[in-house]
Every structure is written in structure tokens, then in C-alpha cells.
Amino acid sequence: MVIKIAVSAVGTRGDVQPLLGLAAAVKEALCREDEDTVTLITHAAHQTWVQRAALDAGLQLRLLSSPPARVWQAAPQEGATRVCGNSSGSSEEERREEFISACAASLGLPLPTPGSGGAGQRDGRAASAVPRALLIFNLFALEAFHLAEALAIPCLAASPCLVPYAPPAGFERRFRLAHPRLYERLRAADERRATGSGSTSGSRGSVGWSDVRHWLWPLFIERWGPWRHHRLGLPEAPYLDCPPGVDLPAPPVLLYGISEAVVPRPGYWPPSARLCGFWSAQRWLAGSQQQLPASVLRLLRGDGAAAARPTPAESQHHAAGPGQVSAAQAGLSDAAATAPQAEPALICVDFGSMGLLGLLPRPDLLAAVLQAAARLLGRRMVVLTAGWHPLLEACRQLEQELQQAEQEQQQQQQTEQQQSSRQEQRSPERQPPWLVALEQPVPHALLLPRCAAILHHGGAGTVAAALRCGLPQAVCPLHFDQQQWAERVAWLGCGAQLSPATLLQDGRMESEGMAGAGSAQEVQGPLCQRAVEAASRGLADALQALLEDEGMRRQCAQMRDRLASEDGTAGAVAAVRQQLEQRAVQQARPQEHPLDQAAAAAAGAVPAPQAPPERIDLPGGLSVLCISPGEAAFIHSEVFQQDCYFPAGVSLGPGSVVVDAGANIGLFALRVLRDARLGPAVERLYAFEPLPPTADVLEANLREHGVADKVTVLRCGLHSAPGCLRFTFYPAMPGNSTAAPAEKWEHQRPAMAALMGSAMADACFQGAATFKCPVTTLACFAREQRLRRIDLLKVDVEGSELEVLRGLDPGTWRLVRQVAAEVHDVGDRLAATTKLLEDAGFAVHAERAQAGPAGNWLLFAWQLPPDGDEC
């Protein structure tokens with residue numbers, strides 16, 4: 001089926017670049033056919049840097065005429081507390097129209113016709129032409145949420161930063177008055193989640209008030225109501241048209257491009273909010289963006305001079321006059337200039353797009369403070385201006401004036417020396433600048449490892465880049481979420497927070513007729529000069545403290561090493577894959593109810609032809625064939641990332657024999673046999689998989705990964721007695737295929753409906769088919785194989801776990817050393833299984849499964865030594 005994904009990334013470059021990396025990763029991982037497309041939608045202002053990167057990544061690109069600054073100006077503010085009011089100017093309507101038109105065109109879908117009541121999107125007919133359509137948006141593009149609702153397609157929110165706004169005071173009261181019934185239903189969903197009757201940890205369930213409070217609340221404010229109704233044909237607020245007696249749908253997943261090592265997930269977040277790890281687009285940035293500018297390279301070649309070049313105080317001590325630098329002190333040989341440095345000496349300064357947004361009102365004074373601080377530190381600064389010309393020109397003008405003054409001083413000094421000693425006069429040597437201001441973008445990944453510290457505004461992307469490079473940070477927050485990031489950096493021990501007053505003097509330097517100063521000479525008045533000196537001294541002291549803090553440097557290095565092993569895009573890609581998959585399953589046979597298909601299968605209907613296996617690239621570099629990529633990603637998370645079958649106490653020694661009851665596509669076998677410690681210890685693994693489609697994929701995966709020689713695949717099931725059983729196979733969730741379909745429908749389906757909504761849960765059961773498969777018992781199997789030991793018996797058989805264990809007799813129980821079993825606690829099955837194991841001489845430990853329905857347990861058992869034996 002054709003995949004069409006639109007990624008709307010609006011805002012400044014710091015808001016857009018991480019989503020470029022995410023879009024490129026999604027394109028690379030999920031788009032296999034020529035017709036599959038991923039389109040990045042962003043501002044035309046970013047064209048110079050984004051166009052080549054999008055082309056190299058295979059993305060389509062749609063550019064919006066609106067400037068990035070308008071996005072920040074239109075973001076929710078504390079005054080926006082009214083629910084369902086009326087506000088929208090014509091320019092705002094034009095911006096919205098351009099945006100939704102770009103999104104719909106990227107997906108190949110028609111826009112709703114104004115006043116048409118949704119243009120037929122309610123039954124999904126308009127979206128059915130693209131079964132795997134998905135709209136991804138960042139938090140400055142909330143129009144995408146409403147458009148996805150109108151088009152009846154799924155959507156995801158993706159943010160490289162924490163939600164930069166909180167509900168204003170009084171919002172909940174106003175919401176309750178405006179939508180009392182919806183408020184009650186949202187609160188009830190939270191209560192079900194809290195009591196375990198709804199979603200479990202890590203699952204979304206029905207949308208609840210916690211989702212609204214965390215990030216959905218701006219969707220309900222006054223600016224959207226009339227536009228939703230008149231333009232999109234929707235109710236004035238989301239979820240108002242959900243019929244009573246039916247669960248509210250699941251909220252969109254909110255993917256944070258943030259590492260949990262940096263921001264531990266708070267317990268009060270709703271399950272829909274997920275931390276993935278940082279997203280990087282560095283791989284796709286093209287040409288000049290992968291190189292350092294010549295001016296920086298020259299600076300680095302002379303980096304050894306940074307420490308050698310005297311500070312103003314040193315100059316006064318060694319030279320004839322204040323600020324003078326002797327040629328011997330400033331000059332370096334070619335060898336010294338090009339020699340590798342033991343420690344970087346540069347300071348990076350990066351305020352991102354803050355100047356373009358009007359948050360740096362006096363670039364001339366900022367440049368003066370930076371230059372003076374650099375001279376006090378004796379370290380040069382590279383200033384990234386993001387193309388903001390006022391700061392660029394201010395830095396360059398200051399350096400020109402300083403260079404001229406230094407040259408005049410050197411000339412005067414040499415003239416005096418020549419007159420006194422009659423030495424030949426030499427041309428004064430030109431000193432490298434203290435400030436190197438760059439207009440073009442420079443990749444953090446190339447520049448920051450060559451720096452000793454960074455001064456910045458606290459943008460999420462800059463924080464992430466500095467942490468990945470292990471660089472101490474001085475953070476001066478100015479707006480939005482930057483205060484949170486400044487506090488987080490300080491809490492991590494990787495930097496310090498600076499007050500804007502320290503650096504910018506709170507703009508007080510504009511008083512006394514100083515507004516409009518445009519050169520270093522114009523900021524030399526007594527008031528401004530004193531302010532610059534105070535600010536530069538405070539900044540230099542703060543940076544020097546960072547540079548001298550050995551504990552901070554160690555903490556930065558540890559964080560760098562930890563982040564180096566993370567792949568932030570992998571988790572995000574898995575969530576995107578799951579959304580696409582659920583969409584495709586929901587579209588499949590919409591006219592049939594799951595119970596109708598189950599009845600047809602029970603009556604002996606011929607199984608429908610199965611789709612060929614798909615390949616999925618999983619975190620950690622593992623690539624496997626599968627029937628359901630979303631389920632494969634879920635099981636991989638359980639088996640590899642949560643390591644659910646190997647808690648403390650479960651181990652394998654040399655010559656181990658492992659029995660895998662319910663091998664599915666082989667992820668448990670690969671977890672064991674590809675492990676550097678466990679794999680060599682295993683002598684033989686026996687994999688039971690009765691369902692032919694799944695067994696075919698199992699064998700293919702074992703062959704592909706070179707472990708088939710250690711595995712015996714048995715195409716049969718295990719039960720309490722040998723014979724044949726009917727198994728129900730679910731193509732959308734083959735790992736849930738079972739010999740007990742009634743239990744699956746009656747007990748697991750309601751839990752799934754609570755997690756993902758009734759329609760989605762029903763779709764997972766569609767396409768069910770029955771297979772008549774042979775079964776045997778563990779006792780018969782052990783005798784046939786002449787086993788002397790079973791070091792680990794892993795059981796995951798979807799409701800038949802107790803019957804599998806009842807297939808052991810006293811003689812074969814003694815062969816089993818350890819058991820790891822998933823138990824569906826239906827009809828006191830957990831208690832019965834525990835008693836069976838304890839009666840057989842095992843110590844038993846049970847714990848709730850981290851994911852899946854609330855009634856799922858993981859049960860671990862160890863054989864106790866016979867009476868009289870030593871432990």
C-alpha cells in the first residue's frame with residue numbers, strides 16, 4: 001500500500017532542523033516503493049539550508065510564505081484563556097489556508113470544502129485512497145491536528161523541545177463550563193487509567209484530561225472554534241461529536257526528540273507523551289554545511305596563540321603602555337600554529353534566532369560585552385549570528401576598530417624602540433580577532449568539539465548539541481522553554497545559568513540617550529562603558545568558572561558518552577510505523593465485523609492468502625522479517641530493551657539447553673543466541689511454533705542471522721496432551737494467535753479497546769483464520785529428544801501456559817532448572833500456575849508485565865535443591 005507522510009515543521013531553524021532529521025529517518029526506514037513519499041513542509045525562509053538536505057534525503061519539499069517569526073508571535077500566550085470564542089484576522093486565515101493546502105496536497109487528499117460539513121471525511125471515504133497516510137506536526141503547527149481530524153487520518157506530534165507553554169490560570173474552569181460532558185468523560189478516562197481499568201503504563205488509551213493539561217489544551221482555545229466549524233466542517237472543539245457510551249479515541253502520540261538521560265520522564269505525564277532521544281539532521285546537511293568556514297579554520301590553526309596571546313592585564317605588565325602586545329608575545333611559528341592542541345581554547349557564542357525574533361535589542365552592546373570578556377579571558381570567541389546582520393556588523397566593526405588601535409599602539413612602540421636603539425622598523429604584526437562573527441550556518445558537530453565552552457540562549461537543539469559534544473555550557477535564557485533548559489543543564493552538572501541581566505544589563509544601557517548607538521565609539525560614554533565593563537567582567541568570571549571546574553568537565557564527558565549510544569530517531573520511527581500499520585489494518589475489510597470473521601473461521605472457512613513478510617529495522621542494528629512490523633517492534637522492546645525474560649537470577653551456564661514454547665518470529669531466540677555472553681553458553685535451543693505463516697518467518701530469520709545450526713524448529717504446539725488443536729491466526733497481530741480465541745476476544749479485546757479505541761481494537765482481529773496444528777507435551781518431547789536437562793523453559797503461548805506446564809510429568813519436571821512464562825491471569829490462572837510450580841519444587845516470583853493488558857504477568861521459577869542438598 002502507498003505511504004504518504006507529511007511532516008509539518010514550522011518555526012525557527014532550531015524548531016525545524018530536528019524534524020528534518022526525523023523525516024529523513026522515516027523516509028529511509030519505511031518507504032520502500034517509488035510511490036511512497038515523505039514531504040517536509042516548512043518556511044521558504046529556510047530554503048537556503050533545507051532544500052539540498054531534503055533532496056539528499058529523498059524528501060519532497062513544500063515551502064510556506066509565512067516568516068518563522070510569525071509562528072512564535074502566534075503561539076499560545078497566558079492571556080489566551082477563553083474557550084470557544086471568535087478571533088481570526090484575514091492574514092491569519094490566509095496563513096492557515098496556505099498551510100492546510102500544502103498538507104493535503106502532500107498527502108494526495110482533497111481539502112474539505114467550506115460549509116460542506118466535512119466534505120464526507122466523517123466516513124473516511126476521502127482518505128481511503130491513501131490507506132497509509134499520516135500527518136506529523138510540531139507544536140507550532142497545531143492546524144495539522146484539526147486537518148487530520150477533518151481528513152479522518154492519523155496524526156502524530158513531534159517536538160524537539162518540551163512543551164513551551166502551560167495552561168493559563170482559569171482554563172480548566174472555563175473548559176468545564178463550556179464543555180461539561182466532555183470534561184466529565186476526559187476526567188473519567190484518567191480515573192480508569194489510574195485504577196488500571198484503562199490503559200497501562202506506556203499505552204495511550206482514551207484521551208484524558210491529563211493529555212489536555214499536558215499539551216492538547218491550545219487546541220481548545222478561542223482561535224480555533226469558528227475556523228474548525230466554517231472551514232473544516234468540524235465541531236467547534238475536538239472530541240465533541242464522540243457519541244456517548246463509546247470510548248473517546250486515543251490522543252495523538254506526542255514524540256519528544258529528547259533523551260531520557262537528560263530529562264527523566266515524569267510520572268505525571270500522560271502515556272501519550274514519549275521520550276525518544278535527540279534527533280539529528282547532521283547526516284543530511286549538505287556541502288558547505290558540513291565544513292568549517294575558512295575564517296574558523298584560520299582561527300583553529302592559530303589556536304595555540306589563544307592562550308599565548310596576553311590578556312589586557314598581562315599586556316600592561318609586559319608592554320610599554322596599556323593594551324599593548326609585543327610581537328614576541330603575539331607571534332607564533334608555523335609549527336606552533338598548526339600543532340594539535342591539548343585543550344581547545346575557543347569559546348562558541350550562539351544565540352540562535354533570538355536576534356531575528358527581536359529578543360536582542362542592542363547588538364552593538366552585546367558585541368562590546370563579548371569582546372571585552374574575550375580579552376579578559378584571553379580566549380577568542382566564534383559568534384554564530386544565524387544571518388542576523390546587526391550582530392554580524394557590530395562584531396566586525398568592533399574588531400576593525402580594535403585592530404586599528406592595536407596596530408597604532410604597536411607602531412608607536414616600535415618607533416620609540418627604533419629611536420632609542422636605532423633598530424630597523426618592522427611592520428606591526430596583525431593580531432587574530434577576539435570575535436569571529438559568522439554569517440553562514442556552521443554545524444555544531446564540527447565546531448563544538450574544537451571549543452572549550454559555549455555561551456548560548458538555551459535552545460533545545462543547542463543544548464542537545466553541546467551535551468553530545470561534552471561541552472560545558474553557560475546558558476542565558478531569553479524566551480519560551482529556554483529557562484527550563486537552563487535549569488536542566490545546571491541540574492545535570494553540565495553548565496551554569498546566567499541571568500540575562502549579567503550579559504545584557506536588562507537593556508538599561510539604552511537609557512541616557514544611548515539608544516541608536518552604532519559603533520564602539522558610540523558605546524564609549526561613561527554610562528555605557530561602565531555597564532559594558534561590569535557585564536564583561538561578570539561574563540568572563542562565569543566562563544572562567546566553567547573552564548576551571550574539573551567535576552563539570554567529567555560530568556560533561558559522561559553525558560557525551562551516554563548520548564553517543566542512543567538513536568533517537570529509532571523510537572520515533574517505530575511510533576510512526578505503528579500508526580501506519582494501525583491505519584492499514586483499520587482500512588482492511590471495513591464492512592466485516594471481527595465476530596463475523598471469527599465465526600466464518602470456526603466454520604472451516606479457507607484462510608485468506610497472507611501478505612508476504614515485511615522487513616523491519618529495529619533499534620540496535622537488528623533487521624528481521626515479520627508479518628506485523630508494529631507488533632515486531634513492540635515485542636523487540638519487551639525482549640531486547642526491557643529484557644523481560646532475563647531479570648536478576650535467570651542465567652545460563654555452559655552447555656545450556658533452552659526450550660522456547662511460542663517462538664513466534666524468533667526474537668527471543670535471537671536475543672539469546674546473538675548475545676556475546678549467552679550465545680556461546682547455549683548448546684541447543686528448541687523453538688516451538690505451530691502456525692505455518694509464523695514458522696516460515698521464524699526459520700527465515702534464524703537462517704539470515706546465522707544461528708539456525710543451534711536451533712531445532714518444531715512446527716507444532718505444546719499442550720497437556722498430544723493430538724491436534726485449532727489455532728486462530730491474526731494477521732494484524734500474529735504474536736497474539738491462540739488456541740483460545742474466545743478468551744482473547746472476551747478478555748484481551750476490551751483491554752485493547754481501552755488502550756486504542758474500539759474501532760482500532762476490532763481491526764486487530766480482522767482477517768482471522770484457523771489452522772489445525774499438531775500438539776505434543778513437554779514430557780513426550782523430552783523423551784523423544786533424550787534430553788538430560790532443560791536449563792530454561794520460556795513459555796509465551798497466549799492463554800495455554802497452564803496446559804503447557806501440565807504436559808510435564810514428575811520425571812521431566814526434574815530436568816527443568818528455570819522457567820520464564822507469560823501468564824494471562826484469567827480464571828485465577830496465575831494462582832494455579834504458581835501452585836503447580838511450587839508443588840513441583842520451584843521457588844516462584846511473579847511481576848506484572850511492563851506493557852500489554854493489565855492482566856498479563858511474568859512468572860519466574862527456579863528449581864529448589866532436593867532436601868538434604870546444599871544450595
Side-chain angles (χ1 to χ4, degrees), residues 13-14 17 48-49 52-53 280-283 285-309 330-353 355 363 366-367 370-371 373-375 377-400 402-403 429-457 459 461-462 464-466 468-474 543 546-547:
R13 178 166 182 167
Q17 185 166 305
T48 54
W49 66 268
R52 175 66 183 277
S280 174
Q282 187 60 40
R283 173 184 170 191
L285 295 178
S288 61
Q289 298 183 70
Q290 295 285 18
Q291 302 172 1
L292 290 174
S295 57
V296 177
L297 293 175
R298 287 194 297 269
L299 202 61
L300 291 170
R301 283 196 293 270
D303 200 26
R309 184 176 179 181
L332 286 175
S333 67
D334 291 341
T338 57
Q341 301 302 311
E343 179 183 340
L346 300 179
I347 304 291
C348 178
V349 180
D350 185 0
F351 281 90
S353 302
L366 174 59
L370 294 175
Q371 185 191 66
R375 299 180 70 196
L377 286 168
R379 293 174 181 266
R380 284 167 282 180
M381 293 185 177
V382 176
V383 183
L384 307 182
T385 67
W388 187 43
H389 284 272
L391 180 58
L392 180 71
E393 294 303 323
C395 290
R396 290 177 175 175
Q397 186 170 359
L398 275 175
E399 281 300 321
Q400 289 173 1
L402 180 62
Q403 290 280 356
E429 296 189 22
R430 181 178 178 85
Q431 299 293 340
W434 289 106
L435 298 182
V436 174
L438 302 178
E439 179 178 11
Q440 67 271 42
V442 177
H444 284 133
L446 293 182
L447 177 61
L448 296 191
R450 302 166 183 260
C451 296
I454 181 171
L455 167 66
H456 65 94
H457 59 303
T462 310
R468 284 197 295 259
C469 293
L471 197 64
Q473 308 177 50
L543 290 172
L546 292 184
L547 297 170

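Given the structure is predicted, the values throughout are model-derived calculations rather than measurements.
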Smallest separation among heavy atoms of [X] and [Y], with atom names:
{"X": "Ala394", "Y": "Pro363", "value": "CB-O, 3.8 Å"}
{"X": "Trp434", "Y": "Gln371", "value": "CB-CG, 4.3 Å"}
{"X": "Leu292", "Y": "Leu297", "value": "O-CD1, 3.8 Å"}
{"X": "Cys451", "Y": "Leu471", "value": "O-CD1, 3.1 Å"}
{"X": "Ala466", "Y": "Ile454", "value": "CB-CG2, 4.0 Å"}
{"X": "Leu543", "Y": "Ala474", "value": "CD2-CB, 3.9 Å"}

A side-chain contact here means heavy atoms from C-beta on lying under 4.5 Å apart; do [X] and [Y] qualify?
{"X": "Arg375", "Y": "Leu402", "result": "yes"}
{"X": "Thr462", "Y": "His457", "result": "yes"}
{"X": "Leu447", "Y": "Leu384", "result": "yes"}

From [X] [atom1] over to [Y] [atom2], what is the distance, rounded to the nearest 0.5 angstrom?
{"X": "Leu391", "Y": "Arg396", "atom1": "CG", "atom2": "CZ", "result": "10.5 Å"}
{"X": "Leu370", "Y": "Leu455", "atom1": "CG", "atom2": "CG", "result": "6.5 Å"}
{"X": "Cys348", "Y": "His456", "atom1": "SG", "atom2": "NE2", "result": "9.0 Å"}

Scan the side chains in residues 437-446 for donor-acceptor partners under 3.5 Å anywhere in the protein, sequence neighbours excluded, and list what turns up.
residue : atom : partner : partner atom : Å
Glu439  : OE2  : His389  : NE2          : 3.0
His444  : NE2  : Asp350  : OD2          : 2.8

Fill in: Partners meeting side chain to side chain donor-acceptor pair (under 3.5 Å) with Glu393 (sequence neighbours left out)
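Expected list: none.
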
Worksheet item: What residues, two or more places apart in sequence or in another chain, satisfy side-chain contact (heavy atoms from CB on, under 4.5 Å) together with Ala453?
Response: Ile347, Leu547

